[in-house]
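One structure is given below, encoded as structure tokens.
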Amino acid sequence: MTQLDALKQFTTVVADTGDFNQLARFKPQDATTNPSLILKAVQQADYAPLLQGTVAQFRGRALDETMDRLLVRFGCEILALIPGRVSTEVDARLSFDTAATVARGERLITLYQAEGISTDRVLIKVAATWEGIEAARLLEQRGIRTNLTLLFSFCQAVACGQAKVRLISPFVGRIYDWHKKSAGNGWNEAERAGANDPGVQSVREIYNHYKHFGMATEVMGASFRNTGQIVALAGCDLLTISPELLAQLAASDAPLVRALDAAQARSLDLPAVQFDEASFRYALNQDAMATEKLAEGIRAFAVDAVKLEQLMQAV
């Protein structure tokens, strides 16, 4: 049995890609996309016709509408190849605007419905700012399922659980990146690997909290740098993994055992925690890593959204 096959016994495997030609190879249950992955895909010869066709079909429409139609086009192609759900991201430039995020999420769902896609096969992906979490709460109340992304801190996760969002995506690799850079020459890779990886530790804390307190929000570890991080989170509800790391898991037959366990989490002695807006903002402010990585992630996705718009305008 390969590590990938073994992982699938404990965890729902999700492909983190806009390259849907990879999906048949690894047979993931779900798939996630983001502006950076879509931008990368449309610059490949295989996917350029999707960009060109969408722009031609909706020429003259507002640029943001055409962008959403392109995202949905990719989502529909992906859904034709997987049995589960696809995550489609709201424009990161709306990350601090609750009303605009809700409106954009509703439009994405309407576009999917027009293509005959059931709402239960789509997750609207939103940055885990306070405004984004509030937007997700409102979308969930309207029957639209959400995936809260760019999640780096415990306070973000607790607020998402309180909002009853369907799923969160804590970014393991970017947490690891920050701590490694911060440590500089003092970083010991061997000592901070596997279960001692700071990104892995963050997801474990969130997972244990959710399971201990019976929170229904699903935990999907994301943004991995190596397979060791993935193996150390076997048992997490879901893990979204790049095609490169999926290939490494599929090529390995090293042992893989469950690392996270809901029953064990329920037996832990954990304090109850809640956040309102003021305490959330303060807790996030006190977490330098999460504050920096959240802002950096929003900026990066916004830059790639602009680049994607420029490609659309050039067609």
Practice problem: Give the C-alpha distance, both sets of side-chain angles, the deciding distance and a yes or no for side-chain contact (heavy atoms from CB on, under 4.5 Å) between Arg85 and Val122. | Solution: CA-CA 5 Å; Arg85 307 168 296 188; Val122 180; over 6 Å; no
Quiz prompt | Heavy-atom pair with the smallest gap, counting every atom of Thr54 and Leu50 | solution = OG1-O, 2.8 Å
Quiz prompt | Within the 6.0 Å centroid threshold, strictly below: Trp187 and Tyr176 | solution = yes
Quiz item: Are Ile168 and Val14 connected, step by step, through hydrophobic side chains (Ile, Leu, Val, Met, Phe, Trp, Tyr) whose heavy atoms are closer than 4.5 Å?
Solution: no
Self-check item: Test item: side-chain donor near acceptor, Thr146 and Glu140, under 3.5 Å
Solution: yes
Quiz item: Are Val126 and Val158 in one and the same hydrophobic cluster, where Ile, Leu, Val, Met, Phe, Trp and Tyr link if side-chain heavy atoms are under 4.5 Å apart?
Solution: yes
Exercise. Could you check if a side-chain atom of Thr33 sits within less than 4.5 angstrom of a side-chain atom of Thr17, using non-hydrogen atoms only?
Key: no
Quiz item: In terms of side-chain geometry, is the basic nitrogen of Glu131 or Arg281 positioned less than 4.0 Å from the acidic oxygen of its partner?
Solution: yes
Quiz item: Nearest heavy-atom pair of Ala263 and Asp261: which atoms, and what distance?
Solution: N-OD2, 3.0 Å
Quiz item: Are Val257 and Leu239 linked, directly or through other ILVMFWY residues, by side chains that come within less than 4.5 angstrom of each other?
Solution: no
Quiz item: Does Leu94 belong to the same Ile/Leu/Val/Met/Phe/Trp/Tyr cluster as Phe96, with side-chain heavy atoms less than 4.5 Å apart forming each link?
Solution: yes
Quiz item: Does atom CD of Gln274 have more than 12 heavy-atom neighbours, drawn from other residues, nucleotides or ligands, at distances under 6.0 Å?
Solution: no
Self-check item: pair Val315-Arg59: side-chain heavy atoms closer than 4.5 Å
Solution: yes
Self-check item: Full working for side-chain contact (heavy atoms from CB on, under 4.5 Å) between Phe74 and Val86
Solution: CA-CA 10 Å; Phe74 264 86; Val86 69; over 6 Å; no
Quiz item: Is a side-chain N or O of Gln113 found less than 3.5 angstrom from the main chain of Ser118, in a donor-acceptor match?
Solution: no
Quiz prompt | Separation of Thr129 OG1 from Asp97 CG (nearest 0.5 Å) | solution = 10.0 Å
Self-check item: Rounded distance [0.5 Å steps], CG in Leu23 versus CD in Glu77
Solution: 11.0 Å
Quiz item: Restricting to pairs with a member in residues 208-217, which pass side-chain hydrogen bond (donor to acceptor under 3.5 Å, both in side chains), not counting sequence neighbours?
Solution: Lys211-Asp237
Self-check item: Polar contact flag, side-chain donor to acceptor under 3.5 angstrom, Tyr112-Thr88
Solution: yes
Quiz item: Would you say Val303 and Leu70 are hydrophobically clustered, going by side-chain heavy atoms of ILVMFWY under 4.5 Å?
Solution: no
Practice problem: State, yes or no, whether a side-chain contact exists between Leu150 and Phe301 at a heavy-atom distance under 4.5 Å. | Solution: yes
Quiz item: Just wondering, do Val13 and Leu238 contact through their side chains at under 4.5 Å, heavy atoms?
Solution: no
Quiz item: Hey, are the side chains of Asp19 and Tyr47 touching, using non-hydrogen atoms and a 4.5 Å cut-off?
Solution: yes
Exercise. Would you mind reporting whether Leu148 and Lys125 have side-chain heavy atoms less than 4.5 Å apart?
Key: no
Self-check item: Minimum-distance pair of heavy atoms, taken over all atoms of Ser202 and Phe152
Solution: OG-O, 4.0 Å
Quiz item: Is Glu134 salt-bridged to Arg137, going by a charged N under 4.0 Å from an acidic O?
Solution: yes
Quiz prompt | Stepwise salt bridge (Lys or Arg N to Asp or Glu O under 4.0 Å) test for Glu189 and Lys180 | solution = CA-CA 8 Å; Glu189 188 69 33; Lys180 183 175 181 178; 3.6 Å; yes
Quiz item: Backbone N or O of Glu106 within a donor-acceptor pair of the Thr110 side chain at under 3.5 Å?
Solution: yes
Practice problem: Take atom NZ of Lys8 as the centre, draw a 6.0 Å sphere, and report whether it contains more than 12 heavy atoms from other residues, nucleotides or ligands. | Solution: yes
Quiz item: Has Arg258 got its NZ or CZ under 6.0 Å from the middle of the six-membered ring of Phe10, at an angle within 45 degrees of the ring axis?
Solution: no
Practice problem: State whether the number of non-hydrogen atoms from other residues, nucleotides or ligands found under 6.0 Å of Phe213 atom CZ is greater than 12. | Solution: yes
Self-check item: Salt bridge flag under 4.0 Å for residues Glu296 and Arg174
Solution: no
Quiz item: Under 3.5 Å, side chain of Asn226 to main-chain N/O of Gln229, donor-acceptor pair present?
Solution: yes
Practice problem: Show your working on salt bridge (Lys or Arg N to Asp or Glu O under 4.0 Å) between Arg93 and Glu309 and close with a plain yes or no. | Solution: CA-CA 13 Å; Arg93 291 168 289 184; Glu309 287 179 343; 2.7 Å; yes
Quiz item: Hey, are the side chains of Ser223 and Arg225 touching, using non-hydrogen atoms and a 4.5 Å cut-off?
Solution: yes
Quiz item: With distance as the sole test, does Ser252 use its side chain to make a donor-acceptor pair with the main-chain N or O of Leu249 at under 3.5 Å?
Solution: no
Quiz prompt | Check ion pair Arg145-Asp120 (N to O, under 4.0 angstrom) | solution = no
Self-check item: Donor on one side chain, acceptor on other, Thr240 and Thr32, under 3.5 Å
Solution: yes
Self-check item: Contact summary for Cys236 and Gly221, nearest pair of heavy atoms
Solution: SG-N, 4.1 Å
Exercise. Find out whether Leu39 and Leu311 are in side-chain contact, i.e. whether some heavy atom of one side chain is under 4.5 Å from a heavy atom of the other.
Key: yes
Self-check item: Approximate separation, where rounding is to 0.5 Å, of Glu218 CD and Met220 CE
Solution: 9.0 Å
Exercise. To the nearest 0.5 Å, tell me how far Gln141 CD sits from Lys164 NZ.
Key: 9.5 Å
Practice problem: For the residue pair Asp304 and Ser36, confirm or rule out a side-chain donor-acceptor distance under 3.5 Å. | Solution: yes
Self-check item: Inter-residue atom distance Ile124.CD1 - Leu167.CG, 0.5 Å rounding
Solution: 12.5 Å
Self-check item: Steps toward side-chain contact (heavy atoms from CB on, under 4.5 Å) verdict (Cys76, Ile117)
Solution: CA-CA 8 Å; Cys76 289; Ile117 303 298; 4.0 Å; yes
Practice problem: Determine the minimum heavy-atom distance between Thr11 and Leu233, stating which atoms define it. | Solution: OG1-O, 4.2 Å
Quiz item: Is a side-chain donor or acceptor of Ser279 paired with a backbone partner of Asp276 at a separation under 3.5 angstrom?
Solution: yes
Quiz item: Where is the tightest heavy-atom contact between Ala234 and Leu256, given as atom of each residue plus distance?
Solution: CB-CD2, 3.8 Å
Quiz item: At what distance, to the nearest 0.5 angstrom, does CG of Asp30 lie from CG of Leu123?
Solution: 7.0 Å
Quiz item: Any Lys/Arg nitrogen of Arg192 or Asp197 sitting under 4.0 Å from an Asp/Glu carboxylate oxygen of the other?
Solution: no
Quiz item: With a 3.5 Å cut-off and no angle check, do the side chains of Gln156 and Ser153 form a donor-acceptor pair?
Solution: yes
Self-check item: Distance-only side-chain donor-acceptor flag, Ser87 / Asn147, under 3.5 Å
Solution: yes
Quiz item: Do the side chain of Arg204 and the main chain of Ala195 share a donor and acceptor less than 3.5 angstrom apart?
Solution: yes
Exercise. With side-chain contact (heavy atoms from CB on, under 4.5 Å) as the test, would you mind laying out the steps for Ile144 and Thr119 before giving the verdict?
Key: CA-CA 7 Å; Ile144 298 172; Thr119 57; 5.8 Å; no
